[in-house]
Number of protein chains: 2
Amino acid sequence: MTHFHDATTCQSCNQRFTSVFCKAKQEFIAEINEQKVCNVYKKGQTLFNEGSYPFGVYCINEGKVKLSHLGDDGKEQIIRLLRGGDVLGYRALLSGERYSASAIVLEDTQVCFIPKELFISVLKNDAGLAFEMMKLLSDELHKAEVKLTHLAQKPIRERLAETLLFIKETYGYEADGVTLNVRLSREEIANLVGTATESTIRLLSEFKKDGMVELEGKKIKILRQKELIRTANLQD
Amino acid sequence: MTHFHDATTCQSCNQRFTSVFCKAKQEFIAEINEQKVCNVYKKGQTLFNEGSYPFGVYCINEGKVKLSHLGDDGKEQIIRLLRGGDVLGYRALLSGERYSASAIVLEDTQVCFIPKELFISVLKNDAGLAFEMMKLLSDELHKAEVKLTHLAQKPIRERLAETLLFIKETYGYEADGVTLNVRLSREEIANLVGTATESTIRLLSEFKKDGMVELEGKKIKILRQKELIRTANLQD
DNA sequence: CATAAAACATGATAAAAATCATGTATAAGG
DNA sequence: CCTTATACATGATTTTTATCATGTTTTATG
């Protein structure tokens, strides 16, 4: 079972230099620190569910979370992968709507919760944070638009290669320098790529046959990153 | 040729109650009014090009604009359709990057340009506007995520029906109450749906045969909206 | 540790969609 | 108005991808 340090203060948080909050004024950080509620979620648990109302935002201290949508036919589409330092739940909060996606923990994860009213009031009084927030939203929007274009125009083989590279960018490698530092089921990878599970399994086998990856259960090792990049056919 | 009223002031602009700027403080509106530059663009002209640096944001007074991405193989993907009251160019500006999409005018369009420095400074000093901006970004992000899910999970037939409904939501009908109030080529519709042009042509013919639409060159009439909604298979 | 359930794997088949080919209509330009 | 280019249309074919079927492996659980 994963061990976490005791929940400390926002002022000494590991993520204080990487999260959006790093640009917030000290006085507001102090206030957030007082009102935040930290919790540890176990693998498979849910931070929030699509369709319910947001009461605040979540700040990941350490761990991994997936954000996923249910399609009209109930099929999961993974929208984003999150790690320590990432904030989530702000989209629905800002739009004033229900959550349009569910946040599910991929491995034991430590999360701080910041109440809605506080978050909004800080945002309204701290132009620096507001600006960071707009940047964050802009970046997410950009990523979504690129993904949209790839989804519309690229074959599954390229999208799978791209997804593997994306997983690596997000969670990095384990100590050995080749194993992706997350365990995702084939179905989850498929739901990230936007394809059928069988197609993903088949293509992963091909990638293995081609020597690009090595598969050991849910462990995926990237053996030839350059070839994967070529397979992904990325221009930008 | 389309006729436009003389460019008036922001204070008397038709869009002053619908655009994001409606929540900005009067003093800032006045400043924007002084520095804005209004222009009329003709069909096919470009407001800005993917890859170039943003110098400000564009506010559509009247007209229609498409925002499109080029895929890695050079194929257009239409990301958004814009109309009077919409603002564009803020995404790249906020991220501090080059434009990731091009804005091309679909019909003669009147646009006001607001310089980067002014926009940023107003945004930093007017929490109300900043908040509206975050809402706008959140809404766009939401739309992009839904589109992404549909692109991944829905067949082209459903996506085309959805796209026709989307065009209707965006630009509405002409005076007759059935003709979509925009002229898009089949290729543009395909680039909105995310499919091959031939597939779009074929399916539009089917929709016509089924009595859902009527086609007269680039004029598209929606005859049975309910059936279209059913065909789009929308749950949410 | 046995047993059930879930996840993985792979072949066969069907369905969906893209591409190619060709012809027609429509719009643009001299 | 004629010519040329472009857009539209539709059939034939191929490619891609999903689905179905079935077996194997792994994982969870009493």
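Letters A, B, ... are given to chains in the order of the sequence lines, protein chains preceding strands, and every chain is numbered from 1.
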Residue pair Val193(B) / Leu203(B), side-chain heavy-atom distance below 4.5 Å: no
Short side-chain to backbone donor-acceptor contact, Thr170(B) and Leu81(B), under 3.5 Å: no
Whole-Å distance separating the CD1 atom of Ile201(B) from the P atom of dT24(C): 16 Å
Criterion side-chain contact (heavy atoms from CB on, under 4.5 Å) on Glu162(A) and Leu234(A), from CA distance to verdict: CA-CA 8 Å; Glu162(A) 194 177 345; Leu234(A) 296 173; 3.7 Å; yes
Evaluation steps, side-chain contact (heavy atoms from CB on, under 4.5 Å), between Ile189(A) and Ile220(A): CA-CA 11 Å; Ile189(A) 297 174; Ile220(A) 297 177; 3.7 Å; yes
Residue closer to the 5' end of DNA chain D, Thr197(B) versus Pro155(A) (nearest nucleotide): Thr197(B)
Between dA7(C) (C1') and Glu198(A) (CD): distance, integer Å: 12 Å
Backbone of Asn191(B) reached by a side-chain donor or acceptor of Glu76(B) within 3.5 Å: no
Partner of Tyr99(A) under ring-ring contact (aromatic ring centres under 6.0 Å, His included), chosen from Phe48(A), Tyr53(A), Phe55(A): Phe48(A)
Thr109(B) side-chain N/O to Val105(B) backbone N/O, donor-acceptor pair under 3.5 Å: no
Ring centre gap for Tyr58(B) and Tyr90(B) strictly below 6.0 Å: no
Donor-acceptor contact below 3.5 Å, side chain Ser199(B) vs main chain Thr195(B): no
dA17(C) phosphate, OP1 or OP2, under 4.0 Å from Thr195(B) side-chain N/O: no
Terminal contacting nucleotides, 5' and 3', DNA chain D versus chain B (heavy atom, 4.0 Å): dA7(D) to dA12(D)
Interface with DNA chain D, restricted to residues 156-166 of chain A and to heavy atoms under 4.0 Å: Ile156(A)
Residue closer to the 5' end of DNA chain C, Ala152(A) versus Ser205(A) (nearest nucleotide): Ser205(A)
Rounded distance in Å - CZ (Phe207(A)) to P (dA9(C)): 14 Å
N or O in side chain of Lys218(B) less than 4.0 angstrom from dT26(C) OP1/OP2: no
Separation of dT13(C) C1' from Arg202(A) CZ (nearest whole Å): 11 Å
Distance, rounded to the nearest Å, where Ile220(A) contributes CD1 and dA7(C) contributes C1': 13 Å
